[in-house]
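A, B, ... follow the sequence lines: proteins, then strands. Residue 1 opens every chain.
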Amino acid sequence: MKSVLTIVAVLALTASLAFAGSPKNYGKTLTLKEVTKVSEILANPEKFNGKRVRVQGAVVDVCSKRGCWIRLASDKEYESIVFKVDDGVIVFPMDAKGKTAIAEGVISAKTYTVEQLIEQGKHTAEETGKPFDPSTVKGPKTVVRIMGEGASIQ
Amino acid sequence: MPSSVTPAARPRFKWRKWNNILHRDIGYIIVGLTLVYGVSGIAVNHTADWNPNYAVEREGREIGPLDGATREELIATARERLGLADEPKNAFRPDPETLQLFYDRVTYAIDIPTGKVIVESVRPRRVLFEFNQLHLNAPKQAWTYIADAYAVSLIIVAITGMFVLKGKTGITGRGAWLVAIGVLIPVGYWLLHLYVF
């Protein structure tokens, strides 16, 4: 029994050392070569709507409930974009926050009414545990997201 | 030599014996997996009430209003006042009044005009985190097939379980009622969900 435990411990330690610091891949393999700037996407949502893109940025927020989205910082200040994945298909860990992600997916630019935006705001507030004031919502508004396919986080 | 020899009777296949062996041994094999899936099942069932993977702690601090013309100056002042010797892994300004500094599993969200800081630290819940990762098939690859084999094993254990005992307590007696109750629970609940709740 003692020897079995020792072997398991050695294997676990070797595996953790081997993978420490290496990028963690999620979902489909990344295939695009060219990186599109998040600021370009946010400035021209209609141009990119429905197109597959590869973006790069710091992970500044993660869905704390299901790990079903990450928010990536733009190359410009005060801007970010949500990279949304199907529940359960990819689960992003909360400790991805602060790491750098390279991610690929399809741009979705949809215009929402004030009521829809308030519903979304409530849902996000539930997921993030942060306060939400519906009176601050102005609309209609075009929300740009990346429907995520795959990501590599380091 | 006798005129008529009775051929040796073919030994009867003892299906119940093999049924019970299968039930017992598969049952032993899946103890570990059942604990992983059972414990994680309870944990992830209540994601509305808690985070089953991470313990998130938030703490408030005050460092005074931050001055600085550039982002780099703001970061330097914040680090000095927070006593952070290392460079952050990343920094982000979601709006003109907020600066976020990211360290390993710790985020500092600083309100620049007031100097109020929310320090959020994230710690994976030991054992439960690993159980949930396996339950939700985060590793993918070979684990997908192990999980499939486990599901098939559960079906075998359920079916063989019905035939372990014979007689009054078996499937022809009390067992039939208990199996019926077990089937009615999901069917009945789903009908109530559709037409009543």
Contact winner vs chain B - Ser74(A), Pro93(A), Ala96(A), heavy-atom pairs under 4.5 Å: Pro93(A)

Pro88(B) versus chain A, the contacting section by heavy-atom distance below 4.5 Å: neither

Does Phe13(B) CZ have over 12 foreign heavy atoms under 6.0 Å away? yes

So which heavy atom on Gly98(A) is nearest to which on Asn90(B), and how close? O-ND2, 2.7 Å

Between Lys140(B) and Val89(A) (side chain of the first, backbone of the second, donor and acceptor by atom type, cut-off under 3.5 Å), is there such a pair? yes

Hydrophobic clusters here meaning ILVMFWY residues chained together by side-chain heavy-atom distances under 4.5 Å, can you tell me if Phe92(B) and Phe92(A) are in one? no

For atom CD of Glu73(B), decide whether the heavy atoms of other residues, nucleotides or ligands shown that lie under 6.0 angstrom number more than 12. yes

Can you tell me how far the NZ atom of Lys97(A) sits from the CZ atom of Arg105(B), to the nearest 0.5 Å? 13.5 Å

If you count heavy-atom pairs under 4.5 Å with chain B, which of Val60(A), Val91(A), Val59(A) comes out on top? Val60(A)

Checking an interface table here. Which of residues 77-84 of chain A come within a heavy-atom distance under 4.5 Å of chain B? Glu77(A), Tyr78(A), Glu79(A), Ser80(A)

Ile153(A) atom CD1, over 12 foreign heavy atoms within 6.0 Å: yes

From Asp95(A) CG over to Arg123(B) CZ, what is the distance, rounded to the nearest 0.5 angstrom? 12.5 Å

Counting only heavy atoms not in Lys116(B), do more than 12 sit closer than 6.0 Å to its NZ atom? no

Would one find more than 12 heavy atoms of other residues, nucleotides or ligands at under 6.0 Å from atom CZ of Arg16(B)? yes

Options Leu101(B), Val122(B), Val56(B), Asp95(B), ranked by heavy-atom pairs under 4.5 Å with chain A, top entry: Asp95(B)

Please collect all ring pair (Phe, Tyr, Trp, His ring centres under 6.0 Å) contacts where either partner lies in residues 134-154 of chain A, sequence neighbours excluded, each pair once. none

Using the rule that Ile, Leu, Val, Met, Phe, Trp and Tyr join whenever any side-chain heavy atoms are under 4.5 Å apart, tell me whether Val36(B) and Ile30(B) fall into a single cluster. yes

Say whether Ile181(B) and Tyr189(B) are linked into one hydrophobic cluster, either directly or through other cluster members, by side-chain heavy-atom distances under 4.5 angstrom. no

Rounded at 0.5 Å granularity, tell me how far CG in Asn51(B) sits from NZ in Lys65(A). 7.0 Å

Please check if Trp15(B) and Trp18(B) belong to a single hydrophobic cluster, counting links between Ile, Leu, Val, Met, Phe, Trp and Tyr side chain heavy atoms closer than 4.5 Å. yes

Examine whether an atom of Thr107(B) lies under 4.5 Å from a heavy atom of chain A, and if so say whether it belongs to the side chain, the backbone or both; otherwise answer neither. side chain

Look at Tyr54(B), Trp50(B), Tyr103(B) and state which one has the largest set of heavy-atom pairs under 4.5 Å with chain A. Tyr54(B)

With heavy-atom distances below 4.5 Å as the criterion, would you say the side chains of Met94(A) and Asn53(B) are in contact? no

Determine, using the 4.5 Å side-chain heavy-atom cutoff (strictly less than), whether Leu178(B) and Met162(B) are members of one ILVMFWY cluster. no

